[in-house]
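As structure tokens, the structure follows; a few thoughts come after it.
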Protein chains: 2
Amino acid sequence: MTEPGELSDRERRAWYAFLTMQEDLRRHMNRQLLNDTGLSLADYAVLSTLWMQPDNSLRVFELRERLRWEKTRLTHQISRMVTRGQVERNPCADDPRGQQITLTPAGHEAITKAVPLHIDYVRRVFLDVVTPRQLDSLAALSEAVLDNLTTDEDPADT
Amino acid sequence: MTEPGELSDRERRAWYAFLTMQEDLRRHMNRQLLNDTGLSLADYAVLSTLWMQPDNSLRVFELRERLRWEKTRLTHQISRMVTRGQVERNPCADDPRGQQITLTPAGHEAITKAVPLHIDYVRRVFLDVVTPRQLDSLAALSEAVLDNLTTDEDPADT
DNA sequence: TCAAAAAGGGTGATGCATCATCCTTCTCAG
DNA sequence: CTGAGAAGGATGATGCATCACCCTTTTTGA
């Protein structure tokens, strides 16, 4: 290997390329989405998750599990989305503590338009330039890293 | 392939795993760095870039090229770092428009401590669970995506 | 059975990222 | 030589991400 505290050239190249790509891609994607649909990536994540439900609705904690977000982040995001009229908060019948989050008609329309645009975008900027072997390798790598992260710890909130 | 506007199972798996991994990793990394060293990832990027210079100093636009950030982002980041005493802004001799950004002693000490910790962290959470083949594949993939992004457009600021 | 912890959810403050806009100095083609 | 645009850099506002902390209801184990 290399000394602790140092990276080999190969490692440095890969890590740096990955970091850069990931940042640029996220920025580019966010901008594109915002321009084309008026939604942020965070909006898109929430809306598309609700959209996949038969009743366009989920409890906050269910949304949180699917998104792998932290409590506070999702609460704030929902609050902003409520003021924008994208989703609504309703008290939950079963559990007086609970809140049911539901797509508004406006939210539904927005995400219905956004999804195909975004999928095409992902294909254009990402999938089209990646070989099948690279794609499978990336999937395996990602899952390995995720495993390692989540077994390593959990920050007491999630 | 698949219909436009849809992803195959293979594509969906890889894209979703990548997105999730990337987000979780960034969050985890940021938290770790903040706990261990008191620096944000943005701080780390700026400080380590200055630190690699012989005189611990760069013009704003040089810093911007190396970081691949946008003007406004870097200006704001520097302003915050100045108030925290991590770097200082000095007028530039050659060009009255220019600003020279230099590490303060405190900034130098912080980054000197942070770098080996962070490298070890990267090894632990990422490099250790990735095979050499996967690493090379990731590097190639990342460079291809980056190429595709930057030829595609430039947002008139960078 | 009843207190303590866990689960569900929220608030305010702060730092970070981006947009729109602005100012000054420099460059260069006409 | 000069005026237009480019380059270097800054500001204020807004949305997003995280931290520390809070409240209420539900579970649970002693």
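The sequence lines fix the lettering, A, B, ..., with proteins before strands; numbering per chain opens at 1. Computed from heavy atoms alone, side chains included, the values below leave out hydrogens, waters and symmetry copies.
For the pair A:Leu74 CG and D:dT18 P, the interatomic distance rounds to 12 Å; values are reported in whole Å. Atom P of nucleotide C:dA17 and atom CD of A:Gln22 are separated by 12 Å, given to the nearest angstrom. Rounded to whole angstrom, the span from the CD1 atom of A:Ile78 across to the C1' atom of D:dA17 amounts to 15 Å. Following rounding to the nearest Å, B:Met81 (CE) and C:dG15 (C1') show an atom-to-atom distance of 13 Å. For A:Leu33 and C:dC19, the CG to P distance is 13 Å, given to the nearest whole Å. Going from atom CD of A:Gln77 over to atom P of C:dT11 covers 15 Å, rounded to whole Å. Per the geometry, CG belonging to B:Leu41 stands 12 Å off C1' belonging to D:dA17, to the nearest Å. Atoms NE2 (A:His28) and P (C:dC19) sit 12 Å apart, rounded to a whole Å.
As judged by a 4.0 angstrom heavy-atom cut-off over every strand, B:Arg84 is placed among residues touching the sugar-phosphate backbone only.
Closest-nucleotide positions on DNA chain C for B:Asp94 and A:Asn35 were compared, and the one nearer the 5' end corresponds to A:Asn35. Summary of the strand contacts: A:Arg26 and A:Ile101 both lie near DNA chain C, and taking for each the nucleotide with the nearest heavy atom, the more 5' one is attributed to A:Ile101.
Ion pairing between B:Arg13 and A:Glu143 holds under the 4.0 Å rule for side-chain N and carboxylate O. Using a 4.0 Å cut-off between charged side-chain N and carboxylate O, B:Arg27 and B:Asp24 make a salt bridge. Using a 4.0 Å cut-off between a side-chain N of Lys or Arg and a carboxylate O of Asp or Glu, B:Glu70 and A:Arg31 qualify as a salt bridge. Using a cutoff of 4.0 Å between basic side-chain nitrogens and carboxylate oxygens, B:Asp43 and B:Arg84 are scored as salt-bridged. Using a 4.0 Å cut-off between charged side-chain N and carboxylate O, A:Glu62 and A:Arg66 make no salt bridge.
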Output a table of donor-acceptor pairs, distance under 3.5 Å, between side-chain atoms of residues 16-23 of chain B and any protein atom two or more places apart or on a different chain; print 'none' if there are none.
unit_1: B:Thr20; atom_1: OG1; unit_2: B:Tyr16; atom_2: O; d: 2.7
unit_1: B:Gln22; atom_1: OE1; unit_2: B:Arg26; atom_2: NH2; d: 3.3

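For C:dG12, the base has a donor-acceptor partner in the side chain of A:His76 [N/O atoms by modelled type, under 3.5 angstrom]. For A:Ser79 and C:dT11, a side-chain-to-base donor-acceptor distance below 3.5 Å is absent, hydrogens and geometry of angles not being considered.
Side-chain contact check for B:Gln100 and B:Ser57: at least one donor-acceptor pair (N or O, by modelled atom type) lies under 3.5 Å.
In this structure, the nucleotide among C:dT18, C:dC16, D:dA20 sitting nearest to the side chain of B:Asp43 is C:dC16. The nucleotide whose nearest atom lies closest to any side-chain atom of A:Ser40 is, among C:dT18, D:dC16, C:dA17, D:dC16.
Under the side chain to side chain contact (heavy atoms under 4.5 Å, CB included) test applied with B:Trp15, the options A:Leu138, A:Leu135, A:Val130, A:Val122 reduce to a single match, A:Val122.
Look at B:Arg27 and you'll find a side-chain N or O under 4.0 angstrom from OP1 or OP2 of D:dT18. Look at A:Arg80 and you'll find a side-chain N or O under 4.0 angstrom from OP1 or OP2 of D:dC16. Between B:Arg73 and C:dC16 there is no side-chain N or O to OP1 or OP2 distance below 4.0 Å.
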Restricting to nitrogen or oxygen on both sides, can you table the protein-nucleotides 2-9 of chain D pairs closer than 3.5 Å?
unit_1: D:dA7; atom_1: N3; unit_2: B:Arg97; atom_2: NH1; d: 2.9
unit_1: D:dG8; atom_1: O3'; unit_2: B:Arg59; atom_2: NH2; d: 3.1
unit_1: D:dG8; atom_1: N7; unit_2: B:Lys71; atom_2: NZ; d: 3.1
unit_1: D:dG9; atom_1: OP1; unit_2: B:Arg59; atom_2: NE; d: 3.2
unit_1: D:dG9; atom_1: OP1; unit_2: B:Arg59; atom_2: NH2; d: 3.4
unit_1: D:dG9; atom_1: OP1; unit_2: B:Gln99; atom_2: N; d: 2.8
unit_1: D:dG9; atom_1: OP1; unit_2: B:Gln99; atom_2: O; d: 3.4
unit_1: D:dG9; atom_1: OP2; unit_2: B:Phe61; atom_2: N; d: 2.7
unit_1: D:dG9; atom_1: N7; unit_2: B:Lys71; atom_2: NZ; d: 3.0

